[in-house]
Amino acid sequence: VYISETDTAETIRLLRLSAPVKDIMNTEPEIIPAESSFDEAKELLVNSRYRGLPVFKDDNFLGVVTRRCFIEKPKKKLVLVDHNEISQSVPGAEQSDIIEIIDHHRVSPQPTKTPIYMNIRPVGSTCTIVFNHFEASGIKIDSKTGLLLLSGILSDTVILKSPTTTAVDRVAAEKLSKICGISVENYGKELLANSAVLTKTSAKDLINGDFKSYDMKGFAFGVGQVEVITFSGIEELKNTIIDELLVTCRKKNIDWAMLLITDVIKENSLLISANCIEAENKLIYKKLDENLFDLPGVLSRKKQLLPELFRVCDELR
């Protein structure tokens with residue numbers, strides 16, 4: 001028996017709305033994980049019978065996503081560091097909103113709709129530019145950050161021996177070494193001692209650890225670089241590396257793939273090439289074996305190898 005001050009219709013309506021939540025709630029609801037991408041979340045909601053779905057991070061409720069949220073796809077803001085070509089960036093970079101570029105390579109950036117901040121300088125390491133930003137902004141660098149920046153500079157410039165090294169790099173390295181309380185020379189040697197060992201690193205990791213792609217008038221090529229302290233084992237690994245380079249060509253849709261192996265002790269490099277015999281035949285370097293070239297004195301991919309590769313590509317096209 002119910003006693004109500006409203007009419008019969010309104011009383012029945014209120015009774016229907018008076019069911020306990022525990023009786024009508026879904027104990028195993030459809031959810032959208034917080035780490036889901038825009039497209040993944042959209043697909044989950046479209047295939048759901050609900051107009052909105054809750055978003056959870058682990059067991060924490062963050063909010064509700066409705067269909068209105070997918071009317072316009074938001075763009076992530078992205079800063080390109082140590083590269084300015086979209087082909088060398090993270091997956092999905094072409095759909096992002098590029099707001100800054102910090103780099104020391106050749107300029108071939110993605111067109112932007114609005115003016116952006118760019119700092120591209122001909123120095124040996126992008127870490128030098130980042131260090132200069134800290135100084136210009138008056139931000140104190142802690143020892144951990146300083147060690148990371150110093151490591152980047154010494155690695156990029158092969159302990160300041162690479163032809164790309166500038167006075168700006170040397171000054172930055174010296175200041176950072178004082179912040180960290182270490183010697184540039186001693187730490188540089190320690191850093192090189194931990195360089196990749198050909199026989200202990202997979203061909204895939206050797207190639208993709210520092211791989212950059214380029215497009216010259218429709219001819220696409222890519223070069224990976226790895227620094228080692230000895231060429232020992234390269235004969236046994238050469239064919240495996242070539243096979244992996246061919247896989248890289250297919251995955252990245254490029255015409256020519258290479259791996260530059262640099263001996264930082266002897267200051268010499270070897271180049272393993274795959275997938276384009278026509279281009280290989282135009283290289284100025286001495287051919288040691290099938291797909292293998294000797295590059296004496298070459299330490300820098302950017303300053304020493306790329307100009308030759310661009311020349312070859314121009315001749316091919």
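Residue numbers count from 1 along this sequence.
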Please determine whether a side-chain nitrogen of the Lys or Arg among [X] and [Y] lies less than 4.0 Å from a carboxylate oxygen of the Asp or Glu.
{"X": "D210", "Y": "R301", "result": "yes"}
{"X": "D289", "Y": "K238", "result": "yes"}
{"X": "E135", "Y": "K175", "result": "yes"}
{"X": "K287", "Y": "D294", "result": "no"}

How about [X] and [Y]: does a side-chain donor come under 3.5 Å of a side-chain acceptor?
{"X": "S273", "Y": "E280", "result": "yes"}
{"X": "S300", "Y": "T164", "result": "no"}
{"X": "N84", "Y": "D103", "result": "yes"}
{"X": "T157", "Y": "S125", "result": "no"}
{"X": "T240", "Y": "D243", "result": "no"}

So if I apply the side chain to side chain contact (heavy atoms under 4.5 Å, CB included) rule between F70 and each of L45, V46, D39, which one comes out positive?
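Among L45, V46, D39, the one meeting side chain to side chain contact (heavy atoms under 4.5 Å, CB included) with F70 is L45.
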Given 3.5 Å as the limit, does a donor-acceptor pair link the side chain of [X] with the main chain of [Y], or not?
{"X": "D169", "Y": "T166", "value": "yes"}
{"X": "D205", "Y": "T201", "value": "no"}
{"X": "Q110", "Y": "A93", "value": "no"}

Carefully, step by step, assess E315 and K282 under the rule salt bridge (Lys or Arg N to Asp or Glu O under 4.0 Å).
CA-CA 8 Å; E315 291 189 12; K282 294 182 179 295; 3.8 Å; yes
Are V64 and I31 linked, directly or through intermediate hydrophobic residues, by side-chain heavy-atom contacts shorter than 4.5 Å (ILVMFWY only)?
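Yes, same cluster.
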With rounding to the nearest 0.5 Å, note down the distance linking CD1 in I153 to OG in S162.
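That separation rounds to 13.0 Å.
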CG of N208 to OG1 of T248: how many Å apart, nearest 0.5 Å?
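Reported value, rounded in 0.5 Å steps: 5.0 Å.
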Looking at every heavy atom in both [X] and [Y], which two are closest together, and how far apart are they?
{"X": "L246", "Y": "A274", "value": "CD2-CB, 4.1 Å"}
{"X": "L53", "Y": "L44", "value": "CD1-O, 3.9 Å"}
{"X": "T112", "Y": "T114", "value": "OG1-O, 2.9 Å"}

Which class fits the ring pair W256 and F221: parallel under 30°, tilted 30 to 60°, perpendicular over 60°?
tilted
Might you work through the side chain to side chain donor-acceptor pair (under 3.5 Å) test for Y187 and S151, ending with a clear yes or no?
CA-CA 9 Å; Y187 180 66; S151 300; 2.6 Å; yes
Chi angles and distances behind the salt bridge (Lys or Arg N to Asp or Glu O under 4.0 Å) call for R106, E85
CA-CA 9 Å; R106 71 167 193 148; E85 300 183 47; 3.0 Å; yes
